[in-house]
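Chain A is the first sequence line, chain B the second, and so forth, proteins listed ahead of strands; every chain is numbered from 1.
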There are 2 protein chains.
Amino acid sequence: MSAAHRIIEEEGLQGLTMRRLAREVGATPMALYHHVHDKDELLRLLLDDYAAGVPRPGPPGDSAGPGEHVVAAAIAMRDALAGVPWIVEVLRADDLMSVHALWYPETIIDAAVRAGLAPEAAVDLYRIIWHYTAGEITARAAAARQREGGGPTYRSQVFANLDAAELPRLAELGERWEELTARDTYDKGVRAIVRGLVEAPPPGARP
Amino acid sequence: MSAAHRIIEEEGLQGLTMRRLAREVGATPMALYHHVHDKDELLRLLLDDYAAGVPRPGPPGDSAGPGEHVVAAAIAMRDALAGVPWIVEVLRADDLMSVHALWYPETIIDAAVRAGLAPEAAVDLYRIIWHYTAGEITARAAAARQREGGGPTYRSQVFANLDAAELPRLAELGERWEELTARDTYDKGVRAIVRGLVEAPPPGARP
DNA sequence: ACCTGAACACCGTTCAAGT
DNA sequence: ACCTGAACACCGTTCAAGT
């Protein structure tokens, strides 16, 4: 298990192969199949292993509005995943599916219901936050990989040749694009979602 | 090119291999390397190819608020990608990076600026929408794959054994989870983001 | 119960050689 | 310019055999 973690840490998820892991622990590839049924099971075990060790922050102070509880849980979820973006690739399913990770949806849904949302609306809020979080983490991980790869990106090449007549806003942004898109806007995004669904909900959502 | 599209359509992105494509067009794997430098270039060509054919919807009616323009462009972007989730895997980078796809950020940023946002805030809005969109599409594609795979999901197994003391909200939701998370909440999400950033922006964002 | 060896059906890519 | 054959260094997984 720890050998598998080490490999992922150093070489990414695609670096973890059954054969590579076997080499790492000094055994034949086939020996692994005596402990897990297939590679998917190995990944699920890895996920559970990590999730069990993740910290669960307490709720924010009483002075915070009900929406702040949702925001705090979302940020905690992002922080827990930011260092291990491979997890997002593993749980390609809809939701965080280690029992140990269910604390996040539980907390977000609970805070949303306390804030006055119907259970259905609270689930929607959680899923919207999850999709946003998964997308943000994947994008950040990819950007980091590309940055360390060095060399000119395909993006910068495209941006250098923009047609100002057809894409005026982007052309105007020009070389600032790189700098602007490097900023961490996760918090801003969750707060917007919470503002839009809890604090300034759509008409008719709160009878 | 069309052979590659056909393979992806039928067997997913991981079904597209250089050797498989070569077999499809009746050539040696090595013949392909005379037309593309490596597999990444093939994927980039595939992306451009698709992006060039995507429709660009006109703006919504004049009666619509400024935020509606952003929402409409986001929904168009989602619709354009929903049928081809493999694209999201290919552009693992931060942004839609075919010249033909830049229409989406251009339109969203333009609408945001017209709505009164500063250029920086407009870029933030676009990126938040993009992360949300990428996450939603990936999750939906994964869910669809799992549904057609049939068989009991790991998720349903976890949900069946929930500890009601530790996770009361989720336990209460119980078997409704499957049904609730199957709903399409994309529009609700974008509208929330737009409401939170354009129509009810954070304090101090609009001097 | 736990492990190995050999094999099967795959990958992306390089290199030298052919027309 | 365009293609092939053979090779290299890999994959996940099965099956029969060993202790």
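The stretch residues 29-37 of chain A touches DNA chain D through A:Met30, A:Tyr33, each having a heavy atom within less than 4.0 Å of the strand.
As a whole-Å value, the separation of A:Glu11 CD from D:dC10 P is 11 Å. Atoms NZ (A:Lys39) and P (D:dC11) sit 9 Å apart, rounded to a whole Å. The nearest whole Å value for the distance from the CG atom in A:Leu13 to the P atom in D:dC11 is 14 Å. A:Leu42 places its CG atom 10 Å from the P atom of D:dG12, with the value rounded to the nearest Å. In this structure, B:Leu21 places its CG atom 11 Å from P of C:dC11, rounding to the nearest Å. In this structure, the CG atom of A:Leu43 is 12 Å from the C1' atom of D:dG12, given to the nearest Å. Rounding to whole angstrom units, CD of residue B:Gln14 and P of C:dA9 are separated by 20 Å. Atoms CD (B:Glu41) and C1' (C:dT13) sit 14 Å apart, rounded to a whole Å.
Sequence neighbours left out, not one pair with a member in residues 25-36 of chain B passes salt bridge (Lys or Arg N to Asp or Glu O under 4.0 Å).
Applying the salt bridge (charged side-chain N to carboxylate O under 4.0 Å, His left out) criterion to B:Arg20, with sequence neighbours excluded, gives B:Glu11, B:Glu24. Residues satisfying the side-chain hydrogen bond (donor to acceptor under 3.5 Å, both in side chains) criterion with B:Arg19, sequence neighbours excluded, are absent altogether.
Taking side-chain N and O atoms only, B:Arg23 has a distance below 4.0 Å to OP1 or OP2 of C:dC11.
Distance noted for atom C1' between D:dC3 and C:dA16: 13 Å (whole Å). Separation of the C1' atoms belonging to D:dA9 and C:dC10 is 13 Å when rounded to the nearest angstrom.
Distance CG/B:Leu117 to OH/B:Tyr126: 16.0 Å, rounded to 0.5 Å.
B:Ile137 has its side chain out of reach of B:Tyr186: every pair of non-hydrogen atoms, C-beta onward, lies at least 4.5 Å apart. Between A:Met18 and A:Val36 the shortest side-chain heavy-atom distance falls below 4.5 Å.
Nearest nucleotide to the B:Met18 side chain, out of D:dC11, C:dT13, D:dT13: C:dT13.
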Donor-acceptor contacts, no H, no angles, side chain residues 66-84 of chain A, under 3.5 Å, sequence neighbours left out:
{"residue": "A:Glu68", "atom": "OE1", "partner": "A:Arg191", "partner atom": "NH1", "Å": "3.4"}
{"residue": "A:Glu68", "atom": "OE2", "partner": "A:Arg191", "partner atom": "NH1", "Å": "3.0"}
{"residue": "A:Arg78", "atom": "NH1", "partner": "A:Glu136", "partner atom": "OE1", "Å": "3.1"}
{"residue": "A:Arg78", "atom": "NH1", "partner": "A:Glu136", "partner atom": "OE2", "Å": "3.1"}
{"residue": "A:Arg78", "atom": "NH2", "partner": "A:Asp184", "partner atom": "OD2", "Å": "2.9"}

| In dot-bracket notation, what is the pairing pattern of DNA chain D, taking Watson-Crick (N1-N3 plus N6-O4 or O6-N4) and G-U wobble (N1-O2 and O6-N3) contacts under 3.5 Å, with [ ] crossing and | for other strands? | ||.|||||...|||||.||
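Looking only at distances, no side-chain donor or acceptor of B:Tyr50 sits under 3.5 Å from a matching main-chain atom of B:Leu45.
Ion pairing between A:Glu120 and A:Arg127 fails under the 4.0 Å rule for side-chain N and carboxylate O.
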